[in-house]
Each structure stands twice: as C-alpha cells, then as structure tokens.
Amino acid sequence: SDEIVVQIVDNPIISLTSTAFASSASSSTFCEGEAITFNVTSTSAIATYTFIVGSSAVSVTTNNFYTAIPPLSSTTSVSVRVETASGCTATETLDMFLNEITSSGNIGQASATICAGETPPAFTNVAAATGVGTIKYQWQSRTYATDFVNVPVSATTAVYTETSAINTTTFYRRAAISTFGGKECEEYSNVIEVKVGPPPISTLQVQGTAISAPATLTLCAGEDVTFVATGGGAEFLFYLDNNPIGVKSGSSVLTTNTLITGNRIKVESFDAIGCSSLSDEIVVQIVDNPIISLTSTAFASSASSSTFCEGESITFNVTSTSAISTYTFIVGSSAVSVTTNNFYTTIPALSSTTSVSVRVETASGCTATQTLDMFLNEITSSGNIGQASATICAGEIPPAFTNIASATGVGTISYQWQSRTYATDFVNVPVSATTAVYTETSAINTTTFYRRAAISTFGGKECEEY
C-alpha cells in the first residue's frame with residue numbers, strides 16, 4: 001500500500017497562576033471572601049480553556065483567565081485543562097488553601113460610659129480568636145465619621161488598656177490576624193463604643209427600629225424585644241408599669257419576651273456621680289402569631305414527614321389561622337420562593353432527602369415556621385435481567401429469565417414481572433411473579449417483551465423502577 005506519514009505535534013506547556021498569595025509553585029493561600037483570578041500562560045496557541053473547581057467544570061472559554069464567582073469559600077483545588085486547535089491537551093492544578101479565621105473572637109469592658117477627659121476601663125478578652133493559622137492581634141479605634149486605625153501604642157495582645165484620656169465618643173475593636181502559608185488574613189471582633197458626654201438626658205429606644213419614647217410598640221406574642229437607654233449615663237434602671245426591674249446596673253439594654261398588652265416601659269439614667277433622669281414611656285401592644293400547618297401531596301409518613309419517589313412532582317400547601325402577607329418556602333437551607341400564594345410546587349423535582357419549610361409573615365410582621373422532613377425512597381439500581389436465548393419458535397415457552405443484578409435501594413425491595421406485545425403497554429404477567437427470577441409457564445405465538453419492576457417500600461411509600 002501507500003505509506004502514511006506520522007506528524008507529531010507537541011502538547012502545550014502551560015502555567016497556571018492566581019492573584020492569591022503564592023505559597024508555593026503549586027499552591028496559593030487566600031482569605032475568606034477574597035476575589036481571585038486565575039491566569040494561564042502557554043507555549044502554544046490554545047483553542048479552549050476548561051477551568052475546574054474541585055471536581056466541577058465551572059468555565060469552558062476561549063479566555064485564558066477565570067475569576068471565581070462566588071469567591072472560593074473553602075480549601076480546594078483549581079485546575080485548567082487546555083486544548084489546542086489540533087486537539088492536543090495539557091492540565092495544570094493549583095491547590096487553594098483557605099486561611100480561615102473560624103472565629104474573630106469577642107471583647108468586653110466593665111463600663112462603656114465615661115466622662116470627658118477620663119481614661120476608658122480596660123478591654124477584656126471574652127473569647128479568643130481561632131483559625132487554621134497562627135493568631136495575633138491589633139487593637140484599633142475610631143471616632144464618629146472616621147475610619148478605624150491602629151491605636152497609637154503597641155497593642156497586640158488579646159486584652160487592651162487605653163493609656164490616654166479621651167474627650168469624644170470612641171469605638172474600639174480588636175483585629176484578629178491569622179498567618180498561614182505565608183498569607184495574612186484579618187477579621188474583626190465586635191465593636192465596643194465608649195461614650196463620652198455630659199450628664200445624661202434620658203431617652204428610650206427600641207433596638208433595630210426607629211421607635212423612641214413616647215411611643216406605642218406593636219409586638220408579636222412571645223417576640224424578643226430589646227429596649228436601649230440612650231442619651232448618656234453610667235448606670236440604668238428600667239421600669240415596668242412604674243415598678244423597677246431589678247437594680248441599676250451598667251447595662252443600657254433590656255431584653256424581654258414576656259410583655260403583655262398595656263405594659264409601659266421607661267428607663268432612669270444615672271451619671272457617674274449618681275444624677276439621673278427618667279425617660280418617657282413606651283406602651284406595648286401585643287398581636288397574636290399565626291398558627292400554620294404545612295402539608296404536601298407526597299405520602300405522609302408522619303405528621304412531620306413525607307416520603308416520595310424520584311422525579312415525583314410535589315406541591316406543598318399551607319393553612320393558617322391568620323391572614324398571611326408573604327410565604328417563604330425553603331428547601332434545605334435555601335429560600336426558593338417568596339410569594340403571596342399559600343402553595344409551592346418543586347421545580348425541578350426534589351432529588352434527595354431534605355427538609356422543606358415555610359416561613360409565613362402577617363401584615364403586622366408576626367411570623368411562624370413549619371417544617372416537613374422529605375425522605376426520598378431511592379432505588380439506587382433497578383437491577384438487570386438476562387435469558388439464555390431471545391429467539392424461539394411460535395408455540396414454544398420462552399427460556400427462564402435470570403437475575404444478573406438485583407435491585408438496590410433505601411427501602412425493602414420486592415419485584416413484579418411484566419410483559420407486553422407490539423403496540424401494547426406493559427402489564428403484570430398473569431401468574432404470580434414477585435421474585436428476582438421468572439419462568440414463563442405458557443407458550444407464546446408473537447414477539448413479546450419482558451421486564452422486571454423493582455418495588456422499594458420505605459416509610460410506607462412504594463416506588464417503582466424497571
């Protein structure tokens with residue numbers, strides 16, 4: 001014959017880098033929430049770049065770069081597979097290590113109100129910061145309308161004592177700095193406000209709202225509410241219906257969930273030398289929470305759970321004792337529908353065991369939540385059947401059908417053999433046939449199709465695959 005001449009084309013030689021800190025030639029270290037772009041260089045012209053995070057391809061592109069959106073949130077690997085126009089390929093991988101600060105810690109202080117020209121009390125370590133790296137600290141402060149900066153003296157331990165007097169309200173926080181793989185990442189503690197001002201003018205507010213005394217506060221039954229004394233002061237004493245609640249203390253907040261309609265709350269604020277003033281009152285009005293029931297069209301295994309088959313279309317329905325403004329349906333931990341309708345149909349169908357919740361809210365802001373545990377009666381394999389021969393003469397009995405592979409699933413497996421001829425539907429064979437194997441007892445005279453149904457029973461629900 002004529003000859004075939006072989007031409008070898010070299011595979012491309014590539015390099016994968018990232019904008020994260022390069023801990024080594026094959027790894028990078030990054031901070032939580034960091035925007036990272038991956039760049040590829042190559043010795044050859046590249047037709048396509050496939051970027052892979054973990055084991056999932058996230059981008060197939062003609063661009064030699066990829067920016068992780070959303071940002072990477074855990075230690076993983078990022079790879080790129082390139083392909084030239086002639087089909088030659090190369091792959092490069094970067095191990096991406098998250099310098100995670102699992103807790104930025106918490107700081108405290110004996111008192112958060114002082115007079116002008118005084119030095120704030122020492123700041124304490126309520127909870128130390130933790131993370132994968134080596135933790136160190138830097139204390140920072142700011143005043144109103146300024147940015148946080150490092151305090152002027154060395155302050156790199158878990159606790160801090162201010163050495164200078166202050167004349168204006170100042171905010172303090174502690175930066176937790178984790179060093180891992182050569183990369184520094186920084187997160188912050190809670191912020192403590194050190195108030196500086198004249199003797200208190202007592203006012204009362206509801207935390208998280210614009211409500212200040214005098215006012216009426218509408219709450220849902222059992223709702224947590226926090227009252228905050230503002231205007232200055234070193235110690236505070238709250239009153240319920242003119243009766244003192246405990247004794248005066250350095251806490252400027254009162255949190256409760258036991259109020260009833262008609263209760264009146266006010267606060268008395270004390271300065272450092274014991275002077276005080278009373279705020280106006282906030283009157284409480286209580287509204288009942290809705291009582292709801294969440295059901296589904298799936299099989300009810302119990303009052304709080306349902307069992308379903310793979311691919312089953314399920315609708316969730318909510319009934320309530322009150323008029324509802326919004327229904328938020330949640331699958332697992334993800335809100336999938338915020339609606340004014342009291343029903344939700346899963347699209348796409350649920351594909352694994354999970355929970356489905358609904359959170360309802362009335363026009364007055366009262367809420368209730370109900371959850372159904374949804375169990376998938378999964379048939380992991382429907383099995384496989386065989387036969388010695390698939391061709392017989394008219395009037396003969398087909399050879400016995402064998403079990404090549406049994407069906408498997410989360411439930412108890414049973415079987416049902418079925419058959420059909422051309423242009424008909426499958427029906428159960430006329431004799432009892434509920435085992436893994438089947439022997440036909442009657443002769444057939446036309447081409448016939450056989451299959452075995454695998455039936456999984458779990459949580460009282462039967463599901464079937466073939």
Side-chain angles (χ1 to χ4, degrees), residues 106 108 112-113 190-193 195 200-233 235-270 276-294 304 316 318-330 333 335 337-342 344 355-372:
N106 198 9
T113 302
N190 56 308
V191 175
I192 289 183
E193 176 185 4
K195 294 181 179 179
I201 300 172
S202 189
T203 58
L204 183 64
Q205 293 182 337
V206 178
Q207 188 177 74
T209 75
I211 298 174
S212 296
T216 297
L217 171 65
T218 300
L219 296 172
C220 303
E223 181 180 354
D224 288 327
V225 61
T226 298
F227 298 93
V228 182
T230 59
E235 290 185 304
F236 308 90
L237 179 60
F238 289 88
Y239 292 81
L240 171 62
D241 297 338
N242 288 325
N243 298 310
I245 303 172
V247 297
K248 66 179 181 179
S249 71
S251 174
S252 61
V253 299
L254 169 67
T255 300
T256 180
N257 59 8
T258 60
L259 298 176
I260 61 174
T261 294
N263 280 160
R264 295 171 289 116
I265 301 292
K266 63 183 177 182
V267 67
E268 185 177 8
S269 299
F270 299 81
S276 69
S277 65
L278 280 167
S279 72
D280 290 322
E281 293 181 331
I282 293 178
V283 180
V284 176
Q285 177 72 36
I286 299 298
V287 178
D288 288 337
N289 290 315
I291 299 172
I292 64 172
S293 173
L294 174 63
S304 61
F316 296 86
V318 185
T319 57
S320 173
T321 57
S322 308
I324 302 300
S325 295
T326 59
Y327 299 81
T328 301
F329 290 91
I330 302 160
S333 59
S337 176
V338 180
T339 177
T340 57
N341 296 322
N342 70 330
Y344 166 69
S355 64
V356 174
S357 305
V358 65
R359 180 183 183 274
V360 303
E361 184 171 346
T362 65
S364 58
C366 296
T367 63
T369 301
Q370 189 84 6
T371 300
L372 277 179

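The CD atom of Glu281 lies 10.0 Å from the CG atom of Leu240; values are rounded to the nearest 0.5 Å. Here the OG-CG distance, from Ser364 to Leu219, works out to 10.5 Å after rounding to the nearest 0.5 Å. In this structure, Ser304 OG and Leu372 CG are separated by 7.5 Å, a value rounded to the nearest 0.5 Å. Summarising the geometry, atom OG1 belonging to Thr218 is positioned 6.0 Å from atom CD belonging to Gln285; distances are rounded to the nearest 0.5 Å. Distance check: Leu254 CG to Leu259 CG gives 7.5 Å after rounding to the nearest 0.5 Å.
Counting all heavy atoms, side chain and backbone alike, Phe236 lies closest to Ser269 at CD2-OG, 3.4 Å. Across all their heavy atoms, Tyr239 and Pro244 have their closest contact at CD2-N, 3.5 Å. Annotation for Ser279 and Leu204: closest pair OG-CB, 3.7 Å, computed over non-hydrogen atoms. Here the shortest heavy-atom pairing between Phe316 and Val356 reads CZ-CG2, 3.7 Å. Across Ser325 and Thr340, no two heavy atoms sit closer than the pair O-CG2, 3.5 Å. In terms of heavy-atom proximity, Asn289 sits nearest to Cys366 at OD1-CB, 3.4 Å.
Thr261 places a side-chain N or O within 3.5 Å of a backbone atom of Ile286 that can act as its donor or acceptor partner. The backbone N or O of Val267 sits less than 3.5 Å from a side-chain atom of Ser202, completing a donor-acceptor pair. A donor-acceptor contact shorter than 3.5 Å is absent between the side chain of Ser293 and the backbone of Thr319. Thr339 contributes a side-chain N or O that, together with a main-chain N or O of Asn341, makes up a donor-acceptor pair within less than 3.5 Å.
Each of Val318, Val360, Leu294, Ile291 was checked for a side chain to side chain contact (heavy atoms under 4.5 Å, CB included) with Gln370, and the lone residue meeting it is Leu294. The only option from Thr328, Thr369, Thr371 that meets the side-chain hydrogen bond (donor to acceptor under 3.5 Å, both in side chains) definition with Ser357 turns out to be Thr371.
Listed by chain and residue number, nothing satisfies the ring pair (Phe, Tyr, Trp, His ring centres under 6.0 Å) test with Tyr327 (two or more places apart in sequence, or in another chain). Residues that satisfy the salt bridge (charged side-chain N to carboxylate O under 4.0 Å, His left out) test with Glu235, not counting sequence neighbours, are Lys248.
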Please list, one pair per line, the donor and acceptor atoms closer than 3.5 Å that link side chains of residues 220-231 to other protein atoms, with sequence neighbours excluded.
from, atom 1, to, atom 2, distance (Å)
Glu223, OE1, Cys220, N, 2.8
Asp224, OD1, Asn257, ND2, 3.3
Thr226, OG1, Thr255, OG1, 2.8
Thr230, OG1, Thr203, OG1, 2.4

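For CG of Asp288, the number of neighbouring non-hydrogen atoms (other residues, nucleotides, ligands) closer than 6.0 Å is 12 at most.
Using a cutoff of 4.0 Å between basic side-chain nitrogens and carboxylate oxygens, Lys266 and Glu268 are not scored as salt-bridged.
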**OP:** Go through Ile324 and Asn342 one step at a time and tell me if the side chain to side chain contact (heavy atoms under 4.5 Å, CB included) criterion holds.
**Re:** CA-CA 9 Å; Ile324 302 300; Asn342 70 330; over 6 Å; no
Subject >> side chain to side chain contact (heavy atoms under 4.5 Å, CB included) between Arg359 and Val338, worked out >> reply: CA-CA 9 Å; Arg359 180 183 183 274; Val338 180; over 6 Å; no
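Thr256 and Thr258 form a side-chain donor-acceptor contact under 3.5 Å, judged by distance and modelled atom types alone.
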